[in-house]
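One structure is given here, and the rest of the page talks about it.
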2 protein chains.
Amino acid sequence: MADATIRDVARRAQVSVASVSRVLNRLENVSEETRNRVTDAVRELGYVPHAGARSLSLAKTNAIGVVLPDFHGEFFSEIVRGMDREASRHGYMLLLSNVHAGSEQSANAMRAMRGRVDGLVILAPHLTEEELADAVPARTPAVLINTRGVAGGHPGVRLDNAAGVEAVADHLVSLGRKRIIHIAGAAGNIDAIERADAFKAALEKRGVAVEIVQGDFTEESGEAAIDALLKSGRKFDAVFAGNDMMASGALQALNRAGVRVPDEVAVVGFDDIPLARHIGLTTVQVHIAELGERALDRLLAILAGEEDSGGQELHKPELVIRSTTDPKARSR
Amino acid sequence: MADATIRDVARRAQVSVASVSRVLNRLENVSEETRNRVTDAVRELGYVPHAGARSLSLAKTNAIGVVLPDFHGEFFSEIVRGMDREASRHGYMLLLSNVHAGSEQSANAMRAMRGRVDGLVILAPHLTEEELADAVPARTPAVLINTRGVAGGHPGVRLDNAAGVEAVADHLVSLGRKRIIHIAGAAGNIDAIERADAFKAALEKRGVAVEIVQGDFTEESGEAAIDALLKSGRKFDAVFAGNDMMASGALQALNRAGVRVPDEVAVVGFDDIPLARHIGLTTVQVHIAELGERALDRLLAILAGEEDSGGQELHKPELVIRSTTDPKARSR
DNA sequence: ACCTGGTTTGTAACCGGTTACATGACCCAG
DNA sequence: CTGGGTCATGTAACCGGTTACAAACCAGGT
């Protein structure tokens, strides 16, 4: 026996489907009598409305599609938490699609959401502007997070990488560090690129040299990068990693090699994931959850029919100084 | 101008909707001619099928509903990652519903998924067996994770809390610890209860006393618990926290008070979140992602029509010894 | 020329809701 | 007693796909 439908309820309550629908949607113009018959029938049959059918006829799903790359660790959970908080506050659900590979797959994932969601939040720092522009279905409202350019004129929320990096440069230079290493994040990732470029520019402006080595945002890559540098005998007195995971890996490599932090080498990360606080890592604090929250908020406003500026909202991060650069901060 | 529908495509290609559907679904019996006309029309109109309508007519959504409480931190991201990995491997999406409050809300969340998903994975350690049984819509396939009892006869995947706790007891006793504190997790949470009860039983069996203090799984509660104990002047030589977050809080409180770990007090957690490795925390390794993966796997098998044992699958965790109990492990 | 069998194609019903519009009941004023 | 207004209710179309079934078509065989 299949699940009951609204017609089953109507039959049982001896009324029309229209009346059942009216009762279920709490419309006013229904007699007491009808209302009772319907609620009884609903209870007796254990009827639960079919959300899919409802969405189809209303052209409204109350779901938001979230497309994001295969993140590791806390960045993922934080941003999803931020979105979820905002979504459930407004009665929306999140439809998640983790995109593992290339642009082809991303485009498919977004298309697959047509008709399932009212709008999209897209986190795709690995796609180029064009790839993005034609992956996003034309008439679907979408908000982008940390993408390059302004693909398709969609509104976006972005992290001000330059400002964060600038603060790092200032801090390291004021500590008197002269030979600085930057471990860059995954190749092709827009955040990785922006951070590396901005860091290089910021240091050049201050007359300090940087060497950039390639990482991929994983802890292992940070560790490997430092191991390689140490082995090569290259001297350096500060390391700025493109994210906290790599900074953590770098720290481990330094500890293992007996290099004193921060006395001999200062270490700075980016993101301020919860782990950073625990290991006393100086880092750039990005309220990740807030980024997600803002993106969702903006999308919901658009769905509610509000006018959107269409612009890119910049979120300025803040430097948090801890013991990997400041010995006095060691206590915690 | 609204999004194109299959009928628009049919009109443009001068064929029937049936033919368009056949082309889109790669059925064999379509002439070369028709196929080309359709693909051209699809391209020209930028047509993307409406997944919602498709699901309705096929009674298949290719989505799995995930209901879980408002988790903090890495447990959440790990379990979702595990599920997502398995889901996307099989062409499914995840519809997330974070349930913040009581049983009423949970029931609503699950009902709201009817017609949007093909099955449910439910993580509800805070609900009683009855609450769960009547929150889950009758004819929706569902797999439970870490719930009490066998609500509604749904298959489940569970963590063998007793086995993990047993190992902790063994370890602490073999280290010669005699005055042991357990910081319990959130009241009413089945995992918290199982761990506390099993730990008490295991220690009694070994003739060692335990004192149980109440926490709520947050880092702050772990910190507060230890602060209170230290202030009260109570003596103890080991702390076993109901999860890693509380253990981390406990560690911080001990460090701040100048208590040496593990010499004076040994500390053990539960879960093995990534952070644990970084702070050298001895803990019970759960492989959270695998739990999610298994639950999803099982659900997909049921959806594929396979016979399910209907039983509760127990996952045995393993003790990982690090420097908060073993000085020799301090290196990492 | 006609029948047969196989293939391609189109029509229309269906999935499970919502809702515009028509209908009928009822009440009150004239 | 009739006409007009209000209100509750029902009928049927619609949302955008899929697909059973029937019709049309095209050979090949006799």
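In what follows, chains are A, B, ... by sequence order, proteins preceding strands, each numbered from 1. Because only heavy atoms are used, hydrogens play no part in the values below, and waters and symmetry mates are left out as well, while side chains stay in. Keep in mind the model is a prediction, meaning the values are calculated, not measured.
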**Asked** Can you check the A/His50 NE2 to C/dG17 P distance for me, whole Å?
**Response** 7 Å
**Message:** Rounding to an integer number of Å, can you tell me how far B/Arg7 CZ sits from C/dA12 P?
**Reply:** 12 Å
**Phosphate contact (C/dT9 OP1 or OP2) by B/Thr34 side-chain N/O below 4.0 Å** = yes
**Request:** Answer yes or no: side-chain N or O of B/Arg54 and base N or O of D/dG16 forming a donor-acceptor pair under 3.5 Å.
**Result:** no
**Request:** Could you tell me whether B/Asp3 and A/Arg114 make a salt bridge, using a distance below 4.0 angstrom between a side-chain N and a carboxylate O?
**Result:** yes
**Message:** Strictly distance-based, threshold 3.5 Å: is any side-chain N or O of A/Glu131 a donor or acceptor partner for the main-chain N or O of A/Thr128?
**Reply:** yes
**Prompt:** Can you tell me how far P of C/dT8 sits from CD of B/Glu32, to the nearest Å?
**Reply:** 11 Å
**Message:** Measure CG/B/Leu56 against P/D/dT18 and give the value in whole Å, please.
**Reply:** 11 Å
**Asked** Can you give one letter per nucleotide of nucleotides 19-26 of chain D, going 5' to 3': B for a protein heavy atom under 4.0 Å from the base, S for sugar-phosphate only, - for none?
**Response** B-------
**Message:** Any carboxylate oxygen within less than 4.0 angstrom of a Lys/Arg side-chain nitrogen, looking at A/Arg158 and A/Glu313?
**Reply:** no
**Prompt:** In whole Å, what is the span from the CZ atom of B/Arg37 to the P atom of C/dT8?
**Reply:** 15 Å
**Message:** Tell me if a side-chain donor or acceptor on A/Gln312 pairs with a main-chain N or O of A/His154 at a distance below 3.5 Å.
**Reply:** yes
**Asked** Over how many whole Å does the gap from B/Asp118 atom CG to C/dC15 atom P extend?
**Response** 18 Å
**Asked** Would you say D/dT9 has OP1 or OP2 under 4.0 Å from some side-chain N or O of A/Ser31?
**Response** yes
**Whether B/Ser19 side chain and B/Val15 backbone form a donor-acceptor pair below 3.5 Å** = no
**Item:** Interatomic distance where CZ belongs to B/Arg116 and P belongs to C/dG17 [whole Å]
**Value:** 13 Å
**Prompt:** What do the steps show when you test B/Arg298 against B/Ser309 for side-chain hydrogen bond (donor to acceptor under 3.5 Å, both in side chains), and what is the final call?
**Reply:** CA-CA 10 Å; B/Arg298 214 149 151 206; B/Ser309 67; 3.2 Å; yes
**Side-chain N,O (A/Ser16) to OP1/OP2 (D/dG10) below 4.0 Å** = yes
**Item:** Those residues that, when tested against A/Ala51, pass side chain to side chain contact (heavy atoms under 4.5 Å, CB included) (two or more places apart)
**Value:** B/Arg116
**Asked** Does A/Ser57 or B/Arg35 map to a spot on DNA chain C nearer the 5' end, using the closest nucleotide for each?
**Response** B/Arg35
**Prompt:** Between C/dG17 atom C1' and B/Arg111 atom CZ, what is the distance in whole Å?
**Reply:** 18 Å
